[in-house]
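Reviewing the structure listed below.
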Protein chains: 2
Amino acid sequence: MLRLSKLTDYAVVVMARLALDGAGPAGHVQTAPGLASATGIAEPTVAKVLKMLGSAGLVEGVRGARGGYRLTRPLPSVPLSQVIVAVDGPIALTACVDGGVGSCEAEGICAVRGRWDPVNDAIRKALSGITVADLAGPAHCPAVRATASLAPMLAE
Amino acid sequence: MLRLSKLTDYAVVVMARLALDGAGPAGHVQTAPGLASATGIAEPTVAKVLKMLGSAGLVEGVRGARGGYRLTRPLPSVPLSQVIVAVDGPIALTACVDGGVGSCEAEGICAVRGRWDPVNDAIRKALSGITVADLAGPAHCPAVRATASLAPMLAE
DNA sequence: TTCAAAGGGGACTTGATTGGTCCTATTTGG
DNA sequence: CCAAATAGGACCAATCAAGTCCCCTTTGAA
């Protein structure tokens, strides 16, 4: 199966929750513990995801007491591919990341490989066309649906 | 990183090698040990891949002495998605395969998830548009390039 | 000025997944 | 009747990721 890390899933959920308080300097910050209890994800895990999203510039962390996180951009303008790259690293199906022609140390083994570049490109393209808002819409699972007024906000 | 199993990679290489002897009832069969030495992949692994491809109907096995494998269809008519499904199972990014609304046993945990269906669809679509022939073209790695007259055949 | 709350950045452990091998039928040509 | 080859699992080991925990820095408030 084509696998995507769970952390990416968490990232989308956390970002959806962050969207409730707006994006940019005007938005209110939410703490990691607060997001954890709101989403049901364990607190250390939420913190980890937020750090990764912060490094990628998708969320902004405010340090110190009364600190927290907020989105830097509204969800509809965040392509899913950026979240995946932030959490999972470069989007590529094989270890041989495309472009690195001389990067095959063990050439005898590398001899085996096909050329996956067109596939990587196709997938990247597909993921760029989807925004986080597309995923964060009204969920079919009970508890997320219970977080209520999420959908209208994401429609923005 | 978005990961695809190595076996899928092997499958593409093996199918490319099989294409040298044609497809369908008219094609000559190649043995698993022969394919192994031709591709540089370990023999048991080649056998495993061929079994999987056989179950999926992508290759055809001929049993008994003088047996072997051959393609059932020419590579340009085999979408990559079929190979991935054959080797890796259903294409879905998360454990919650789409469609199964009631399949979330642990609802408290499932509450966490977003809706990945649009993503799965997009990826499936992207992979369906690429054929195995697109991947099996002239490789940039030495040993594969050494397998010579592969490219013209795949251009068919 | 001191304390507590919160983010920042890793390091580490455990568990699941996968890659790879092997063993045993079954088939079939010589 | 034997040898060669596929068919189909069962099994072991190594890799990778999820999750947790640690210590440090920052900063508002008492």
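A, B, ... follow the sequence lines: proteins, then strands. Residue 1 opens every chain.
Counting any heavy atom pair closer than 4.0 Å across all strands shown, A47(A) reaches no nucleic acid atom. When heavy atoms are screened at a 4.0 angstrom cut-off, L50(A) is found touching no nucleic acid atom at all. Looking at heavy-atom distances under 4.0 Å, G54(B) makes no contact with the nucleic acid at all.
Distance L58(B) CG to dA7(D) P: 13 Å, rounded to the nearest Å. One can place CG of D88(B) at 11 Å from C1' of dT17(C), the figure rounded to the nearest angstrom. If you take NZ of K48(B) and P of dC22(C), they are 13 Å apart, rounded to a whole angstrom. With rounding to whole Å, M52(B) atom CE is found 13 Å from dT21(C) atom P. In this entry the distance linking NZ of K6(A) with C1' of dG19(D) reads 10 Å, nearest Å. The CG-C1' distance, from L35(A) to dA6(C), rounds to 12 Å in whole Å. The interatomic distance linking L7(A) (CG) with dC16(D) (P) rounds to 16 Å, in whole Å. When rounded to the nearest whole Å, the span between CG of L4(A) and C1' of dA16(C) equals 17 Å.
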Nucleotide-resolved protein contact map, nucleotides 21-30 of chain D, B/S/- at heavy-atom distance under 4.0 Å
----BBBS--

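Taking the charged nitrogens against the carboxylate oxygens, K6(A) and D9(A) have no contact shorter than 4.0 Å, which rules out a salt bridge.
Between dT17(C) and S5(B), no contact under 4.0 Å exists linking OP1 or OP2 to a side-chain N or O. OP1 and OP2 of dA18(D) both lie 4.0 Å or more from every side-chain N or O belonging to T45(A).
Across all non-hydrogen atoms, the minimal contact from G34(A) to S37(A) is O-OG, 3.0 Å. Counting all heavy atoms, side chain and backbone alike, V87(B) lies closest to S5(B) at CG1-OG, 3.9 Å.
Minimum atom distance to the side chain of Y10(B) is reached by dG20(C), of the listed dT21(C), dG7(C), dG20(C). When distances run from any side-chain atom of S55(A) to the nucleotides dG7(C), dG9(C), dA18(D), the shortest one goes to dG9(C).
Taken to the nearest 0.5 Å, the CG atom of L80(A) stands 5.0 Å off from the CH2 atom of W116(B). Put simply, OH on Y69(A) and CG on D21(A) are 15.5 Å apart, with the number rounded to the nearest 0.5 Å. Considering OG1 of T39(A) and CD of Q30(A), their distance stands at 10.0 Å, rounded to 0.5 Å.
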For residues 48-60 of chain A, run the donor-acceptor check on the side chains, cut-off 3.5 Å, and write out each pair with its distance to 0.1 Å, sequence neighbours left out.
from, atom 1, to, atom 2, distance (Å)
S55(A), OG, K51(A), O, 3.0
E60(A), OE1, R70(A), NE, 3.1

